[in-house]
S.K.: 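Here it is: the structure, laid out below.
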Amino acid sequence: MQWVLLYITALNLLTFAVYYLDKKAAIRGAQRTPEITLHVLSILGGWPGAFLAQRIFRHKTGKRSFLFVFWLTVIMNISVAAWLWML
């Protein structure tokens, strides 16, 4: 169980950092992080870090297609967690 907490913590810190770096790149006009990378981090369990970064950095909050996929990753994560809890 301890490894799960370590995994989730590390993944969410990584996801938060990737969003931060992508926001900075967007401001500078530099090369961006592909959206698929942001979604993969979310689906792997980094969605809380992604959600927090979206709110703090105001990043990816106006792009409906991105948000649609993001919220699908959240629903999928919560569904899998609930299913595992019931086992």
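The residues of the chain are indexed from 1 along the displayed sequence. All values reported here derive from a predicted model rather than from experimental measurement.
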S.K.: Taking all heavy atoms of Thr61 and all of Leu67, pick out the closest pair and write down the distance.
M.R.: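 Closest pair (atom of Thr61, atom of Leu67, distance): O-CD1, 3.2 Å.
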S.K.: Do Trp71 and Trp47 make a side-chain contact, defined as non-hydrogen atoms from C-beta onward lying under 4.5 Å apart?
M.R.: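 Heavy-atom side-chain distance check fails, nothing below 4.5 Å.
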S.K.: Are Met76 and Trp85 linked, directly or through intermediate hydrophobic residues, by side-chain heavy-atom contacts shorter than 4.5 Å (ILVMFWY only)?
M.R.: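 As far as the 4.5 Å side-chain criterion goes, Met76 and Trp85 are not connected within one cluster.
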S.K.: I need the minimum non-hydrogen distance between Thr73 and His39, along with the two atoms involved.
M.R.: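 Between these two residues, the closest heavy atoms are CG2-O, 4.1 Å.
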S.K.: Nearest 0.5 Å, what's the CD1-CG distance between Ile8 and Leu5?
M.R.: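 Ile8 atom CD1 to Leu5 atom CG measures 8.0 Å (nearest 0.5 Å).
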S.K.: Kindly work out whether a path of hydrophobic side-chain contacts (I/L/V/M/F/W/Y, heavy atoms less than 4.5 Å apart) joins Leu41 to Val69.
M.R.: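 No, Leu41 does not connect to Val69 through the hydrophobic network.
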S.K.: Side-chain heavy atoms nearer than 4.5 Å, only ILVMFWY residues, links allowed to pass through others: does that put Leu44 and Leu14 together?
M.R.: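 As far as the 4.5 Å side-chain criterion goes, Leu14 and Leu44 are connected within one cluster.
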S.K.: Do the ring planes of Phe16 and Phe57 sit parallel (below 30°), tilted (30 to 60°) or perpendicular (above 60°)?
M.R.: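 It falls in the tilted class, 30° to 60°.
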S.K.: Kindly give the heavy-atom pair with the smallest separation between Arg32 and Ala25, and that separation in Å.
M.R.: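 Closest approach of Arg32 to Ala25, heavy atoms only: CD-C, 4.0 Å.
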S.K.: Specify the closest pair of heavy atoms between Arg58 and Lys23, including all atoms of both residues, with the distance to one decimal.
M.R.: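 That would be O-NZ, 3.4 Å.
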S.K.: Answer yes or no: does atom CZ of Arg55 have more than 12 heavy-atom neighbours from other residues, nucleotides or ligands under 6.0 Å?
M.R.: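 Enclosed.
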S.K.: Are Val18 and Val40 connected into the same hydrophobic cluster when the rule is that any two of I, L, V, M, F, W, Y join if their side-chain heavy atoms are below 4.5 Å apart?
M.R.: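 Shared cluster, yes.
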S.K.: To the nearest 0.5 angstrom, please state how far the CG atom of Asp22 sits from the CD1 atom of Ile27.
M.R.: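 Atom-to-atom, Asp22:CG and Ile27:CD1 are 10.0 Å apart.
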S.K.: Phe66 ring centre to Lys60 NZ or CZ under 6.0 Å, with the angle to the axis within 45°?
M.R.: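 Flagged: Lys60 positioned over aromatic ring of Phe66.
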S.K.: Does any part of the side chain of Thr33, heavy atoms only, come nearer than 4.5 Å to the side chain of Leu38, both counted from C-beta?
M.R.: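 A side-chain contact exists here, since the closest heavy-atom pair is under 4.5 Å.
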S.K.: Nearest heavy-atom pair of Ser42 and Asn77: which atoms, and what distance?
M.R.: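 Here Ser42 and Asn77 meet closest at O-ND2, 3.1 Å.
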S.K.: Could you give the distance from CG (Leu11) to CG (Leu6), rounded to the nearest 0.5 Å?
M.R.: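 With rounding to 0.5 Å, CG (Leu11) is 11.0 Å from CG (Leu6).
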S.K.: Do you reckon Ile78 sits in the same ILVMFWY cluster as Leu72, going by side-chain contacts under 4.5 Å, direct or chained?
M.R.: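 No, Ile78 does not connect to Leu72 through the hydrophobic network.
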S.K.: Do Lys24 and Tyr20 have side chains that get closer than 4.5 Å, going by heavy atoms?
M.R.: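 A side-chain contact under 4.5 Å exists here.
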S.K.: Just verifying a value: how many Å separate Leu52 CG and Ile56 CD1, rounded to the nearest 0.5 Å?
M.R.: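 Answer rounded to 0.5 Å: 3.5 Å.
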S.K.: Is there side-chain contact between Val4 and Tyr7, with at least one heavy-atom pair below 4.5 Å?
M.R.: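 No; the side chains remain at least 4.5 Å from each other.
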S.K.: Tell me the closest heavy-atom pair linking His59 and Tyr19, and the distance in Å.
M.R.: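 Result for this residue pair: CD2-O, 3.7 Å.
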